[in-house]
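For the single chain, residues carry numbers from 1 onward in sequence order. It should be emphasised that the depicted structure is a prediction, and the values quoted were computed from it without experimental measurement.
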Amino acid sequence: MLSMALLLREQKLSLRDIALRLVITKGKKKGQHPSPATVLRLLREHDESAASTRQL
């Protein structure tokens with residue numbers, strides 16, 4: 001889901017549009033779309049980990 005979210009962000013889509021194109025593949029919410037807040041958290045965590053990796 002992260003790789004697809006990153007690809008859609010590169011295409012300048014809004015968080016809401018990204019969330020509508022993603023589908024949860026595991027767990028209790030399998031088959032549903034994540035919320036825009038979940039997408040934001042996912043992308044923010046990725047950006048923070050990438051930034052800390054670059055600093056090392």
How far does [atom1] of [X] sit from [atom2] of [Y], to the nearest 0.5 angstrom?
{"X": "I18", "Y": "R16", "atom1": "CD1", "atom2": "CZ", "result": "12.5 Å"}
{"X": "S49", "Y": "R44", "atom1": "OG", "atom2": "CZ", "result": "13.5 Å"}
{"X": "T25", "Y": "Q32", "atom1": "OG1", "atom2": "CD", "result": "12.5 Å"}

Between L20 and M1, is there shared hydrophobic-cluster membership here, with clusters defined by ILVMFWY side-chain heavy atoms closer than 4.5 Å?
no

P34 and A19: which non-hydrogen atoms are nearest, and at how many Å?
O-CB, 3.2 Å

Does M4 CE have over 12 foreign heavy atoms under 6.0 Å away?
no

With sequence neighbours left out, what residues match Q11 under side-chain contact (heavy atoms from CB on, under 4.5 Å)?
L7, L8, L13

Across all chains, not counting sequence neighbours, the side-chain contact (heavy atoms from CB on, under 4.5 Å) partners of L6 are L2, R9, L43, H46

Side chain to side chain, H33 and L22, heavy atoms closer than 4.5 Å:
no

